[in-house]
Asks: 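Quick one: structure below, then a few questions.
All of these numbers come straight from a predicted model, not from anything done at the bench.
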Amino acid sequence: MSDTPQPTTDKAHADIGIVCALKMEVAPFLARCDRVRKYVGGKFVFRGGFLGEARVAIVESGAGFARARRATQSLIDAHTPDWVLSVGFSGALRDDMQIGDIVVANSIVDTHGHELSVDMNMAHDPEHGLHVGRLVTADEIVRTVDEKRALAEQTEALACDLESLAVAQVCQETRTRFMAIRGISDDLSRDLPAEVLTVLGGTGSIRAGAIAASLIKRPSSVSDMWKLREQAQTAADKLGRFLDPIVEQLYEHGERR
């Protein structure tokens, strides 16, 4: 028998790490993964599984910049992924974008003058619902059409979210390869209902008490919130279908290196 030590496999290592604010953003993707496990670590919910041969680790950060930073660092510390993807919903800032369209960032900005370029070589294909360009990470939900148009004029971004720049910054600091992939869950056809600001809790969770209070104050809000949920489900479904080949390609590229 050889006395040469055999290499050990790091069972915590993930090929692909995903940061999302809410489980529903990645639920369709997760449903196609095998051997999915869930645990809580560092105040965040983690889920891990396999898409084909690719080991995937997902952390649910909750909404907002600070939580996304902490969750990304926790993900990298725990699972040392080769790639980290910021995945979730976004609001359209252009009239030609529809619910379920996909935005892949080649740069990310905020409203305070910070910008981070993303090394991304992917073809823009708006006819098939794929947009490649700038994302803006806002400080809070951008609810009205007028606010979105003003943000588009200020930043020249395609869409807005609350987390992608935070994830990108941590990846830059840790030299982890990064992508931001977002599904459009609200477009420029109408304002988001005002209740969306109170229904989402500080962690990005749905606040049942706020929903009940909203229904008492404005009973018609139930139809607005239901429509928003339908749009979110459409975005999640299309986002999941787009993610499948991306994860597989990133994994295969890593295996060939």
Side-chain angles (χ1 to χ4, degrees), residues 10 12-22 25-26 41-44 46 48 54-91 93 102-124 130-140 142 151 154-183 204 239 242-243 246-247 249-257:
D10 181 1
H13 172 73
D15 302 299
I16 310 296
I18 293 176
V19 183
C20 65
L22 304 171
E25 293 172 314
V26 296
K43 299 183 179 180
F44 297 107
F46 286 82
R55 186 190 293 265
V56 181
I58 300 172
V59 62
E60 184 180 333
S61 69
F65 192 95
R67 288 187 62 84
R69 272 196 66 96
R70 293 195 298 270
T72 304
Q73 190 64 62
S74 294
L75 174 68
I76 292 172
D77 289 344
H79 295 287
T80 62
D82 299 323
W83 284 85
V84 168
L85 314 183
S86 175
V87 173
F89 300 147
S90 61
L93 299 183
I102 300 297
V103 179
V104 178
N106 60 21
S107 71
I108 309 175
V109 300
D110 63 14
T111 56
H112 310 290
H114 302 106
E115 181 171 6
L116 193 151
S117 295
V118 181
D119 185 11
M120 180 51 51
N121 184 19
M122 185 176 291
H124 190 62
L130 174 60
H131 307 266
V132 180
R134 178 176 291 171
L135 274 177
V136 55
T137 293
D139 295 331
E140 58 187 17
V142 185
L151 188 60
Q154 176 189 349
T155 64
E156 299 183 345
L158 301 178
C160 57
D161 68 15
L162 300 178
E163 296 87 24
S164 286
L165 183 60
V167 181
Q169 286 179 348
V170 175
C171 289
Q172 183 183 54
E173 292 161 8
T174 58
R175 298 184 179 181
T176 305
R177 288 173 291 179
F178 168 80
M179 288 182 68
I181 303 172
R182 292 278 161 170
L239 188 57
F242 185 81
L243 272 177
I246 294 293
V247 168
Q249 288 170 23
L250 293 180
Y251 169 72
E252 290 171 1
H253 176 73
E255 285 294 284
R256 289 195 298 268
R257 293 185 61 181

Asks: Between Arg55 and His13 (side chain of the first, backbone of the second, donor and acceptor by atom type, cut-off under 3.5 Å), is there such a pair?
Replies: yes
Asks: Just so I know, are the side chains of Ile102 and Leu239 near enough to count as touching, which here means a heavy-atom distance under 4.5 Å?
Replies: yes
Asks: Check whether Arg134 reaches the backbone of Glu156 with its side chain - one donor and one acceptor, N or O, closer than 3.5 Å.
Replies: no
Asks: Who pairs with Thr174 by side chain to side chain contact (heavy atoms under 4.5 Å, CB included), at least two apart in sequence or on another chain?
Replies: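 Expected list: Gln73, Ile76, Val170, Thr176.
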Asks: With a 4.5 Å limit on heavy-atom distance, are the side chains of Thr137 and His114 in contact?
Replies: no
Asks: Just to verify, which of Leu243, Val167, Ile246 counts as forming a side-chain contact (heavy atoms from CB on, under 4.5 Å) with Val87?
Replies: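 Going through Leu243, Val167, Ile246 one by one, the side-chain contact (heavy atoms from CB on, under 4.5 Å) with Val87 is satisfied by Leu243 alone.
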Asks: Work out which heavy atom in Gly62 is nearest to a heavy atom in Glu163; give both atom names and the distance.
Replies: O-OE2, 4.1 Å
Asks: CZ/Phe178 to CD/Gln169 distance, rounded to the nearest 0.5 angstrom?
Replies: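 The CD atom of Gln169 is 10.0 Å from CZ of Phe178, to the nearest 0.5 Å.
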Asks: Could you pull out the closest heavy-atom pair between Ala63 and Leu162, with the gap in Å?
Replies: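 Smallest interatomic distance, heavy atoms only, reads CB-CD1, 4.3 Å.
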Asks: For the residue pair Ile108 and Ala180, what are the closest heavy atoms and their distance?
Replies: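 That closest heavy-atom pairing would be CD1-CB, 4.1 Å.
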Asks: Nearest heavy-atom pair of Ala12 and Ala78: which atoms, and what distance?
Replies: CB-O, 3.6 Å
Asks: Go through the structure and list residues passing salt bridge (Lys or Arg N to Asp or Glu O under 4.0 Å) with Glu140, not counting sequence neighbours.
Replies: none
Asks: Roughly how far, to the nearest 0.5 Å, is the CG atom of Leu135 from the CG atom of Asp110?
Replies: 12.5 Å
Asks: Is any side-chain heavy atom of Leu130 closer than 4.5 Å to one of Phe242?
Replies: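 Phe242 vs Leu130: side chains touch.
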Asks: Mind checking the OG-CG spacing from Ser107 to Leu165? Nearest 0.5 Å is all I need.
Replies: 10.0 Å
Asks: May I ask you to test the Val136-Cys160 pair for a side-chain heavy-atom distance under 4.5 Å?
Replies: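 Yes. Closest side-chain heavy atoms under 4.5 Å.
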Asks: Return the minimal non-hydrogen interatomic distance between Ala71 and Val59, and the atom names on each side.
Replies: O-CG1, 3.8 Å
Asks: If you compare all heavy atoms of Phe44 against all heavy atoms of Phe46, which two are closest, and at what distance to 0.1 Å?
Replies: O-CD1, 3.6 Å
Asks: Do the non-hydrogen side-chain atoms of Arg177 and Asp82 ever get within less than 4.5 Å of each other?
Replies: yes
Asks: Could you give the distance from CD (Gln154) to CG (Leu93), rounded to the nearest 0.5 Å?
Replies: 10.5 Å
Asks: Report the distance from atom CG of Leu22 to atom CD of Glu60, rounding to the nearest 0.5 Å.
Replies: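 So the CG of Leu22 and the CD of Glu60 are separated by 6.5 Å.
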Asks: How long is the gap from CD on Gln172 to OG on Ser117, to the nearest 0.5 Å?
Replies: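 Nearest 0.5 Å value for the CD-OG distance: 9.0 Å.
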Asks: For residues 69-80, which residue pairs qualify under salt bridge (Lys or Arg N to Asp or Glu O under 4.0 Å), counting only residues two or more places apart or in two chains?
Replies: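 Sorted result for residues 69-80: Arg69-Glu173.
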